[in-house]
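Let me give you the structure first, and then I'll get to my questions.
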Protein chains: 2
Amino acid sequence: MAFVEPLITKMQSIGALDDKDRALIETLAVNPKRLTPQEYLLHQGDHPTNSVIVLSGVLARFQELPEGDRQVVSFHLPGEMPDLHSLFIGHMDHSLVAITEAVVGQVPHDELRRVVRESATLMGLLWRETLIDAAIFRQWIANNGRRGALAGTAHLLCELMLRARSIGGLRSDGSWPMPFTQQQLGDALGLSLVHINRTLKTLREANVAVIERGVLRVLDWDELKRIAGFDPAYLHLKS
Amino acid sequence: MAFVEPLITKMQSIGALDDKDRALIETLAVNPKRLTPQEYLLHQGDHPTNSVIVLSGVLARFQELPEGDRQVVSFHLPGEMPDLHSLFIGHMDHSLVAITEAVVGQVPHDELRRVVRESATLMGLLWRETLIDAAIFRQWIANNGRRGALAGTAHLLCELMLRARSIGGLRSDGSWPMPFTQQQLGDALGLSLVHINRTLKTLREANVAVIERGVLRVLDWDELKRIAGFDPAYLHLKS
DNA sequence: CGTGTTTTTGAGCCGTGTCAACGATAGTGG
DNA sequence: CCACTATCGTTGACACGGCTCAAAAACACG
């Protein structure tokens with residue numbers, strides 16, 4: 001029961017749950033699993049028979065490209081279900097790995113199908129979660145495509161801050177313990193390690209956003225959003 | 001009834017339909033609408049109350065970025081539902097426009113909800129379609145990110161050829177009447193018009209793929225796939 | 001305190017963008 | 001059927017953003 005708390009929080013951040021739906025979620029058989037940093041949960045090519053809920057920590061999905069490069073396609077905070085899509089498309093076209101120490105809850109596909117069958121609301125919310133996932137992908141296409149390095153980086157930082165805030169992940173001073181290395185950020189933005197470093201330096205020297213000892217602090221929200229051309233509507237958060 | 005034929009073809013290209021499901025699809029109220037090239041069907045910011053099926057022609061979705069640039073996030077061939085996501089996320093974070101002359105069938109969200117409620121198979125297939133959409137987005141993130149101009153372009157051509165083939169859109173000689181301008185391809189791949197032109201020239205001079213008078217012909221499939229690092233699994237086509 | 005990882009910086013190069021012009025093609029009206 | 005026009009494709013010259021290589025500094029951990 002406590003296991004599904006992050007999922008309930010997440011569902012409520014993107015929609016409304018009544019008592020019946022909440023009770024139904026709590027009937028899910030959730031099998032917890034602890035992950036160490038860099039540990040793979042799924043490999044490209046796998047055909048999983050369950051999906052996972054991130055209970056704590058941060059995960060990432062990425063593709064390995066022929067020349068050995070990595071393309072990170074998403075980051076996942078507690079409450080999210082990074083491989084919910086495997087419910088309807090069996091083949092994994094990417095890998096799923098823990099960024100930090102993490103705990104995930106494994107839920108058999110049959111269990112999810114049962115919940116989806118019994119509650120139109122939960123079906124809608126789970127479907128909705130995969131659609132928001134897709135909306136984020138669209139922004140990342142733009143981050144990697146038409147937005148330049150500075151705008152793309154700023155956009156990613158905006159997004160992560162809002163997503164972290166929506167699940168109550170910010171510190172009381174509004175900063176966020178961002179767990180990514182600059183290499184991982186570069187792999188998400190299609191930038192080299194050296195260049196993401198210089199881009200972050202630009203943001204730092206403009207007093208817009210600072211990362212110190214792994215903690216991200218946004219000093220000038222309006223300016224960060226302006227640089228990014230950021231419109232939060234695509235995250236479809238209620239707040 | 002004839003209106004939903006492309007949708008049935010599409011559904012069968014990514015899954016199985018029985019007679020009952022086919023009959024259910026044919027009960028959908030489909031309101032056809034004719035579009036001229038460049039005509040907008042939906043604008044960024046809209047809140048549509050129906051989704052559309054592409055009946056003929058090709059559509060594209062794109063975001064307008066602050067500096068006036070465009071990021072194309074997807075192309076849509078007959079049978080696809082380019083704004084199916086609006087069933088569960090109301091706000092459009094991008095625009096939908098006709099590339100060619102096209103006919104779409106408008107289906108009210110209520111109608112889709114009815115079908116989803118009545119058939120678990122169709123719910124699964126429609127959800128699956130949005131998930132394949134997302135899988136394509138992931139590849140486009142890589143196209144715009146870690147893949148270079150040549151590999152990204154080759155990857156997009158591979159994808160389009162397979163998608164066109166899966167709905168019977170190729171000519172008998174295996175070529176495909178590709179309706180995009182080089183500007184539009186560039187907007188999809190995050191490349192300038194000049195550079196996409198040079199990239200296509202490279203493919204042409206290597207006798208890998210040629211676009212003549214708007215018709216794409218792949219001369220050396222293996223080589224094109226090799227350049228792209230293409231693995232078709234993410235399209236989840238049955239054939 | 002030592003070792004491995006991550007961040008930072010410099011120097012030089014290369015892929016891709018920009019600017020500009022011309023050529024090819026298709027559609028339009030006389 | 002041809003001239004006219006608009007759009008699209010092609011090419012060259014040059015600039016610049018971002019990459020690579022390399023090394024040092026800062027940090028994390030045992």
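Lettering of chains follows the sequences in order, A, B, ..., and the numbering in each one begins at 1. These numbers come from the heavy atoms of this one structure, side chains and all, not from hydrogens, waters or symmetry mates.
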Q) Taking B:Asn144 for the side chain and B:Ile141 for the main chain, is one N or O donor matched with an acceptor at less than 3.5 Å? A)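 No; judged by distance alone, with no hydrogens or angles, the pair does not exist.
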Q: Return no unless some side-chain N or O of A:Gln183 is found under 4.0 Å from OP1 or OP2 of C:dT6.
A: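 So the side chain of A:Gln183 is outside the cut-off, no N or O lying under 4.0 Å from OP1 or OP2 of C:dT6.
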Q.
Just N and O in the side chain of A:Lys201: are any of them under 4.0 Å from OP1 or OP2 of C:dT8?
A.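 Answer no for this pair, as no side-chain N or O of A:Lys201 is under 4.0 Å from OP1 or OP2.
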(Q) Are B:Trp140 and B:Phe75, when compared by the centres of their aromatic rings, separated by less than 6.0 Å? (A)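 That pair passes the under 6.0 Å test.
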Q) With respect to the phosphate group of C:dT7, does any side-chain polar atom (N or O) of A:Asn197 fall under 4.0 Å of OP1 or OP2? A)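 It does not, given that no N or O in the side chain of A:Asn197 lies less than 4.0 Å from OP1 or OP2 of C:dT7.
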Q) Taking CG from B:Leu185 and P from D:dC8, how many angstroms apart are they, rounded to a whole number? A)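 Whole-Å distance recorded here is 12 Å.
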Q: Over 60° means perpendicular and under 30° means parallel, so classify the ring planes of B:His43 and B:Tyr40, tilted if in between.
A: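 Rings of B:Tyr40 and B:His43: parallel, as their planes differ by under 30°.
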Q. Under the 3.5 angstrom rule, does the side chain of B:Asp83 hit a backbone N or O of B:Val52 as a donor-acceptor pair?
A.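 Checking the backbone N and O of B:Val52 against the side chain of B:Asp83, a donor-acceptor pair under 3.5 Å is found.
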**Q.** Euclidean distance, atom CG of residue A:Leu200 to atom P of C:dT6 [Å, nearest integer]
**A.**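 It works out to 15 Å between those atoms.
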Q | Side-chain heavy-atom pair A:Val210, A:Val215 within 4.5 angstrom cut-off | A |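 No; the side chains remain at least 4.5 Å from each other.
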Q | Five-pair end axes of the helix from C:dC1-D:dG30 to C:dG30-D:dC1, angle between them (10°) | A |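 If I round to tens, the end axes sit 50° apart.
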Q. Given atom CG of B:Asp69 and atom C1' of C:dT18, what is their separation to the nearest angstrom?
A.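 To the nearest whole Å, that distance equals 12 Å.
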Q. For A:Ile196, does its backbone N or O pair with a side-chain atom of A:Gln182 as donor and acceptor, under 3.5 Å?
A.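 No, A:Gln182 side chain to A:Ile196 backbone: no donor-acceptor pair under 3.5 Å.
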**Q.** Short side-chain to backbone donor-acceptor contact, B:His47 and B:Gly45, under 3.5 Å
**A.**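 Answer holds: yes.
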Q: For B:Ile211 and C:dA24, give me the distance from atom CD1 to atom C1', rounded to whole Å.
A: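 The answer, rounded to whole Å, is 16 Å.
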Q) Any side-chain heavy-atom pair from B:Leu191 and B:Leu185 closer than 4.5 angstrom? A)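 No - every pair of side-chain heavy atoms lies 4.5 Å or more apart.
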Q: Measure the distance from CD on B:Gln182 to C1' on C:dG23 and round it to the nearest whole Å.
A: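 Value for this atom pair: 14 Å.
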Q) Between B:His85 and B:His94, is the gap from one ring center to the other below 6.0 Å? A)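 Ring centres of B:His94 and B:His85 closer than 6.0 Å.
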Q. Out of C:dT25, D:dT11, C:dT8, which has the shortest distance to the side chain of B:Arg213?
A.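 Out of C:dT25, D:dT11, C:dT8, the nucleotide with an atom closest to B:Arg213's side chain is C:dT25.
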Enumerate the protein-to-nucleotides 11-17 of chain C contacts in which both atoms are nitrogen or oxygen and the separation is below 3.5 Å.
from: C:dT16; atom 1: OP1; to: B:Ala149; atom 2: N; distance (Å): 3.2
from: C:dT16; atom 1: OP2; to: B:His195; atom 2: NE2; distance (Å): 3.4
from: C:dG17; atom 1: OP1; to: B:Gly190; atom 2: O; distance (Å): 3.2
from: C:dG17; atom 1: OP1; to: B:Ser192; atom 2: N; distance (Å): 3.3
from: C:dG17; atom 1: OP2; to: B:Ser192; atom 2: N; distance (Å): 3.0
from: C:dG17; atom 1: OP2; to: B:Ser192; atom 2: OG; distance (Å): 3.0

Q: Write down the distance between CG (A:Asn144) and C1' (D:dG17), rounded to a whole number of angstrom.
A: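 After rounding, the gap between these two atoms is 15 Å.
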Q | Rounded distance in Å - CD (A:Glu205) to P (C:dT8) | A |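 After rounding, the reported distance stands at 11 Å.
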